[in-house]
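All remarks here apply to the structure that follows.
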Amino acid sequence: MALGVRLRYLLSVVLLLVTSATHATPWEQVKHPSPDFPQAIGSYANGCLTGAEALPLDGDGYQVLRAERARYYGHPNAISYVQSLAKLAHYQLNIGLLIGDISLPQGGRFSSGHSSHQTGLDIDIWLRLAEQPLSEQQLAKPQPLSVVDLKGYQLVKHRWDSRHFELIKFAAADEQVARIFVHPVIKQQLCDSEQSSDRAWLRKVRPWWGHHYHMHVRLKCPENSSSCRPQAQPPVGDGCGAELASWKPQPKPSKPKPATTPTKKPIKIMPEQCLDLLQLTQHTPTS
């Protein structure tokens with residue numbers, strides 16, 4: 001192993017140890033985007049971001065939640081996507097969007113909440129439809145609104161209306177979108193609600209646990225980000241049949257499964273560009 005590669009490997013291990021020990025990450029200490037050309041680097045769950053833009057905290061048709069965490073930075077494609085979707089939702093559906101996590105000023109790992117959102121291409125949009133702007137206090141400590149009865153594995157019907165369907169369909173229609181993650185129950189509702197022959201957008205909407213009060217939009221790697229690692233395309237089809245049914249929890253077997261030894265997850269080695277970026281940031285004097 002070459003010396004430079006070895007040093008970068010050791011640095012990545014140290015960063016992981018620091019993260020585990022202190023519940024903080026070096027990326028959260030970075031306060032400003034890099035001045036470089038916009039680049040999403042690495043994978044959604046192991047990467048970084050140069051040339052990020054900040055989403056204005058209060059824009060046309062949206063508000064940013066928990067701004068003190070500084071997770072409102074993204075690749076310029078993500079920022080323009082949010083602004084365009086918010087305008088569409090405001091003028092077509094008469095609602096305001098509540099924007100959760102996007103990314104840190106230079107991407108990288110959060111200390112809590114996600115393993116993704118590292119390249120400025122992931123966007124959390126809450127399913128709480130804001131008909132009136134939230135106050136500063138409500139934005140700082142927002143109350144999520146789940147549309148799924150998690151124990152009953154069914155939709156909370158009085159919290160769901162046609163605007164949820166329209167919003168998610170609007171979100172998926174953009175060609176930049178690679179995936180939208182929602183709870184499997186929400187995906188089923190979307191499948192049942194689409195009565196037209198236009199079902200291609202449903203392929204992008206993927207079931208995933210935890211997404212019962214927000215949708216997670218994931219954009220494709222930008223054309224000019226050669227070091228961005230795309231995710232494999234979703235399976236062909238609308239994903240509304242047996243694939244979706246397989247997510248429904250099954251009755252627990254009468255006999256417990258034998259205990260198994262948990263396997264250790266391999267340590268993720270960050271891309272060299274990200275380690276170089278972080279090292280440069282840490283050695284750059286602040287004004």
Side-chain angles (χ1 to χ4, degrees), residues 44 62-63 65-66 85-86 88-89 92-101 112-117 122-132 134 138 141-174 177-218 231 233-257:
Y44 299 101
Y62 73 86
Q63 292 176 287
L65 301 172
R66 296 178 291 205
L85 180 63
L88 187 61
Q92 295 289 331
L93 305 177
N94 197 31
I95 57 172
L97 300 186
L98 300 177
I99 307 301
D101 294 342
S112 63
H114 313 274
S115 61
S116 58
H117 289 259
D122 291 298
I123 308 150
D124 283 348
I125 302 174
W126 283 31
L127 296 175
R128 177 181 171 183
L129 306 179
E131 296 178 339
Q132 298 293 333
L134 271 59
Q138 290 173 319
K141 296 183 178 180
Q143 297 298 314
L145 184 70
S146 175
V147 298
V148 177
D149 173 0
L150 298 177
K151 291 185 178 179
Y153 197 75
Q154 60 186 350
L155 201 70
V156 180
K157 293 184 178 180
H158 69 275
R159 293 180 179 173
W160 179 271
D161 67 43
S162 60
R163 292 175 298 177
H164 286 107
F165 172 85
E166 296 296 341
L167 174 61
I168 298 173
K169 187 171 182 177
F170 283 159
D174 195 302
V177 173
R179 275 173 166 74
I180 297 178
F181 299 103
V182 297
H183 191 279
V185 166
I186 298 176
K187 166 78 175 188
Q188 186 64 63
Q189 177 65 24
L190 298 173
C191 292
D192 296 342
S193 298
E194 180 55 88
Q195 300 299 313
S196 75
S197 59
D198 175 22
R199 302 183 68 85
W201 65 276
L202 287 165
R203 180 186 180 190
K204 297 181 182 180
V205 183
R206 308 301 300 161
W208 202 257
W209 305 121
H211 297 81
H212 54 93
Y213 67 91
H214 71 283
M215 64 172 168
H216 175 163
V217 179
R218 173 166 290 170
Q231 193 172 359
Q233 295 230 0
V236 175
D238 60 15
C240 292
E243 177 193 352
L244 181 56
S246 68
W247 284 79
K248 186 173 183 179
Q250 300 300 314
K252 293 183 179 180
S254 55
K255 293 183 179 180
K257 292 183 178 180

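Starting from 1, each residue takes its place in the sequence as its number. It should be emphasised that the depicted structure is a prediction, and the values quoted were computed from it without experimental measurement.
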Using the rule given for side-chain contact (heavy atoms from CB on, under 4.5 Å), can you reason through Ile186 versus Trp160, listing the C-alpha separation, both sets of side-chain angles and the distance that settles it, and then say yes or no? CA-CA 10 Å; Ile186 298 176; Trp160 179 271; 3.9 Å; yes
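- Here the CZ-OG distance, from Arg128 to Ser146, works out to 13.5 Å after rounding to the nearest 0.5 Å.
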Under 3.5 Å donor-acceptor pairs involving side-chain atoms of residues 234-244, not counting sequence neighbours:
from, atom 1, to, atom 2, distance (Å)
Asp238, OD1, Cys240, N, 3.0
Asp238, OD2, Arg199, NE, 2.9
Asp238, OD2, Arg199, NH2, 3.4
Glu243, OE2, Arg206, NH2, 2.4

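- Tested against Ile168 for a side chain to side chain contact (heavy atoms under 4.5 Å, CB included), the candidates Ile125, Leu202, Val217, Leu190 yield a single pass: Leu190.
- Between the CD atom of Glu166 and the CG atom of Leu88 there is a distance of 10.0 Å, given to the nearest 0.5 Å.
- The nearest pair of heavy atoms linking His212 to Leu127 is O-CD1, 4.1 Å.
- Considering every non-hydrogen atom in both Ala171 and Val177, the closest pair reads O-CG2, 3.2 Å.
- Between His117 and His216, the ring planes are tilted. Angles from 30° to 60° get that label.
- In this structure, OG on Ser116 lies 9.0 Å from CG on Asp101, to the nearest 0.5 angstrom.
- In this structure, His164 has no side chain to side chain donor-acceptor pair (under 3.5 Å) partners at least two apart in sequence or on a different chain.
- Within a 6.0 Å sphere centred on CG of Asp149, heavy atoms belonging to other residues, nucleotides or ligands number more than 12.
- Within 6.0 Å of CD on Gln233 lie no more than 12 heavy atoms contributed by other residues, nucleotides or ligands.
- Nearest heavy atoms, Leu65 versus Pro142: CD2-CB, 3.9 Å.
- Looking only at distances, no side-chain donor or acceptor of Gln250 sits under 3.5 Å from a matching main-chain atom of Trp247.
- Using modelled atom types, one finds a donor on one side chain and an acceptor on the other under 3.5 Å when comparing His114 with Asp124.
- In this structure, the side chains of Lys248 and Pro184 stay at 4.5 Å or more apart for every pair of heavy atoms.
- In this structure the side chain of Leu85 never reaches within 4.5 angstrom of the side chain of Tyr62, judged on heavy atoms.
- Using a 4.5 Å cut-off on side-chain heavy atoms (C-beta onward), Leu145 and Leu129 make no contact.
- The ring-ring contact (aromatic ring centres under 6.0 Å, His included) check on His183 picks up Tyr153, Trp209, with sequence neighbours excluded.
- No side-chain heavy atom of Lys187 sits less than 4.5 Å from a side-chain heavy atom of Trp208.
- Contact of the Arg163 side chain with the Glu131 side chain is registered, since non-hydrogen atoms from C-beta on lie closer than 4.5 Å.
- Side chain to side chain, Ser193 and Gln189 meet the donor-acceptor criterion of an N or O pair below 3.5 Å.
- Side-chain atoms of Gln231 and Arg218, non-hydrogen and from C-beta on, do get closer than 4.5 Å to each other.
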